[in-house]
Amino acid sequence: MDALSMGLVAAMGALATVAGASEDIESDVGSQSNPNSQVQLAAQVGNPHRIYNKAISGEPPANALWATTAAVVAYTLITKFAMPALFAIAVGASVAALFNGVFSTSAYFGRNASQRRFNQWIYLDIVRYTTPSIMAHAWITAFCITCIAYIQTQILMPHHPFPMPVIAMIWGIAVGAIGSSVGDIHYGGEREFQWRIFGQGLNTMLSGQIVRKAEAGLRNSIDNAWFCAKLGGPFTGLAFGLVVFLDSWRTTVFDPVTQSGLAIGMGLFFVILMNIYNYYVETSMRRKYGPYPGYKGDIPA
């Protein structure tokens with residue numbers, strides 16, 4: 001593997017790290033994926049709130065849509081209109097962000113309007129200053145993933161046989177799945193139910209009993225993003241960055257055609273190693289930070 005290929009693989013890992021972090025924060029601002037069910041249920045159990053509620057699907061298909069939209073637009077501008085790749089990708093990400101904004105606002109208005117009977121209001125100030133943040137993070141995610149797809153199909157040798165939009169769709173599904181599994185831990189459990197015992201899981205009787213008060217005033221989605229940007233977002237970015245870097249590294253070092261066995265074996269080695277390390281980290285953390293002795297019950301939200 002030459003220095004250029006190694007540099008491209010490193011750049012893809014860096015882009016994936018940024019994409020993962022921005023994807024997780026975008027979902028936290030809009031209350032998408034796993035925590036969304038608790039936000040949706042809160043008003044129905046007597047807890048109206050000021051949290052943005054936009055999810056129309058899980059994170060994997062949603063991010064697949066944004067990334068594929070950006071890649072299709074960029075690919076068209078590059079191949080049909082000879083636009084420079086960087087500008088074309090930026091335009092494609094802008095179109096994807098506009099799609100995201102339309103879906104977000106329509107979902108927010110529709111969901112909250114349908115919950116009028118539960119005293120859930122539509123807050124126009126939440127829409128005004130939260131939707132641009134959602135769109136901005138979606139733009140970053142779509143831009144980075146489209147850049148990765150462009151590098152894989154146009155620059156990195158050997159070129160990936162799939163077209164750029166298909167690669168973007170696959171990575172969009174991957175970043176959404178990682179954001180839903182890694183990032184939501186710090187939002188769905190540690191933020192929405194922060195007065196519960198660590199590691200206890202969510203009891204059925206607590207469904208919808210989310211924390212509605214922030215450090216100053218009533219909690220909104222920007223408060224959640226501020227919290228998640230400290231840990232959940234970076235962890236999601238690290239996880240996605242490692243996936244993209246390690247997978248691209250093994251198929252660059254070992255030719256996927258003539259050395260397919262070595263490439264597959266290296267991939268299995270990484271999977272086994274990560275599973276062992278994940279088990280160690282989780283068991284160690286639960287031993288150190290489990291329920292505290294002398295704990296007297298839940299602190300009221």
Inset, instruction - Please answer whether the main-chain N or O of P48 pairs with a side-chain N or O of R212 as donor and acceptor at a distance below 3.5 Å. - result: yes
Legend entry - Main-chain N/O of V281 paired to S284 side chain as donor or acceptor, under 3.5 Å: no
Legend entry - E26/K54 salt bridge by N-O under 4.0 Å criterion: yes
Inset, instruction - Check whether any side-chain heavy atom of I51 lies under 4.5 Å from a side-chain heavy atom of I210, and answer yes or no. - result: yes
Inset, instruction - Please examine the side chains of V211 and E192, heavy atoms only from C-beta on, and report whether any two atoms are closer than 4.5 Å. - result: no
Inset, instruction - Verify, without hydrogens or angle tests, whether T141 (side chain) and H137 (backbone) share a donor-acceptor contact under 3.5 angstrom. - result: yes
Inset, instruction - Is it possible for you to say whether I89 and F162 belong to one hydrophobic cluster, with membership spreading through side-chain heavy-atom contacts below 4.5 Å? - result: yes
Legend entry - Side chain to side chain, F99 and V95, heavy atoms closer than 4.5 Å: yes
Legend entry - Partner of M12 under side chain to side chain contact (heavy atoms under 4.5 Å, CB included), chosen from T252, L156, D247: L156
Legend entry - ILVMFWY cluster, W121 and F109 together (side-chain gap under 4.5 Å): yes
Inset, instruction - Evaluate the side-chain proximity of D28 to S221: yes if any heavy-atom separation is below 4.5 Å, no if none is. - result: no
Inset, instruction - Take T17 and L238 through the side-chain contact (heavy atoms from CB on, under 4.5 Å) test and state the conclusion after the steps. - result: CA-CA 5 Å; T17 302; L238 179 63; 5.5 Å; no
Inset, instruction - Please test Q152 against I148 for side-chain contact (heavy atoms from CB on, under 4.5 Å), starting from the C-alpha separation and ending with a verdict. - result: CA-CA 6 Å; Q152 285 189 298; I148 294 173; 4.0 Å; yes
Inset, instruction - Taking Y150 for its side chain and I155 for its backbone only, find out whether a donor-acceptor pair lies under 3.5 Å. - result: no
Inset, instruction - Would you indicate whether the side-chain heavy atoms of V18 and I140 approach each other to under 4.5 Å? - result: yes
Inset, instruction - To the nearest 0.5 angstrom, please state how far the CG atom of N53 sits from the CD atom of Q120. - result: 8.0 Å
Inset, instruction - Looking only at non-hydrogen atoms, find the nearest pair between A67 and G172 and report the distance. - result: CB-CA, 4.2 Å
Legend entry - Intermediate values then yes/no, side-chain contact (heavy atoms from CB on, under 4.5 Å), T153 and M164: CA-CA 6 Å; T153 57; M164 192 166 77; 3.9 Å; yes
Inset, instruction - Classify the side-chain pair N220/Y129 by whether it contains a donor and acceptor separated by less than 3.5 Å. - result: yes
Inset, instruction - Is it possible for you to say whether F245 and L273 belong to one hydrophobic cluster, with membership spreading through side-chain heavy-atom contacts below 4.5 Å? - result: yes
Inset, instruction - Determine whether F143 and F240 fall in the same hydrophobic cluster, where Ile, Leu, Val, Met, Phe, Trp and Tyr are linked whenever their side-chain heavy atoms lie under 4.5 Å apart. - result: yes
Inset, instruction - Evaluate the ring planes of W66 and F103, with Trp represented by its six-membered ring, and classify them as parallel (under 30°), tilted (30 to 60°) or perpendicular (over 60°). - result: tilted
Legend entry - N100 (side chain) donor-acceptor with A96 (main chain) under 3.5 angstrom: no
Inset, instruction - Look at the side chain of R50 and the backbone N and O of R219, then say whether any donor-acceptor pair between them is shorter than 3.5 Å. - result: no
Legend entry - Any donor-acceptor N/O pair, H49 side chain to V39 backbone, under 3.5 Å: yes
Inset, instruction - Identify the heavy atoms of D223 and A214 that sit nearest to each other, and give their distance. - result: OD2-CB, 3.4 Å
Inset, instruction - For S94 and A90, indicate whether the former's side chain and the latter's backbone hold a donor-acceptor pair under 3.5 Å. - result: yes
Legend entry - Check: T251 side chain, S248 main-chain N or O, donor-acceptor pair, under 3.5 Å: yes
Legend entry - Value rounded to 0.5 Å, distance of CG in L231 from CG in D24: 9.5 Å
Legend entry - Neighbour count >12 (heavy atoms, 6.0 Å) for atom CZ, F118: yes
Inset, instruction - Just do the side-chain contact (heavy atoms from CB on, under 4.5 Å) check on Q32 and S57 with the steps written out, would you? - result: CA-CA 8 Å; Q32 190 164 355; S57 70; 4.2 Å; yes
Legend entry - Distance in Å, T68 OG1 paired with M169 CE, rounded so as to fall on 0.5 Å steps: 6.0 Å
Legend entry - Interatomic spacing from OG1 in T105 to CZ in R128 - rounded to 0.5 Å: 13.5 Å
Inset, instruction - Specify the closest pair of heavy atoms between S133 and V29, including all atoms of both residues, with the distance to one decimal. - result: OG-CG2, 4.0 Å
Inset, instruction - Specify the closest pair of heavy atoms between A21 and P234, including all atoms of both residues, with the distance to one decimal. - result: CB-N, 4.5 Å
Inset, instruction - Taking atom types as modelled, find out whether Y52 and T131 have a side-chain donor-acceptor pair closer than 3.5 angstrom. - result: yes
Legend entry - Shortest non-hydrogen contact from A43 toward Q115: CB-OE1, 3.7 Å
Inset, instruction - Any chance you could measure I167, atom CD1, to T146, atom OG1, to the nearest 0.5 Å? - result: 12.0 Å
Inset, instruction - Indicate if L218 and Y123 have the same hydrophobic cluster label, given that clusters are the connected sets of ILVMFWY residues with side-chain heavy-atom separations under 4.5 angstrom. - result: no
Inset, instruction - Kindly give the heavy-atom pair with the smallest separation between V244 and A16, and that separation in Å. - result: CG2-CB, 3.5 Å
Legend entry - Nearest-0.5 Å distance that lies between atom OH in Y75 and atom NZ in K80: 8.0 Å
Inset, instruction - Report yes if the side chains of V166 and I170 come closer than 4.5 Å at any heavy-atom pair, otherwise no. - result: yes
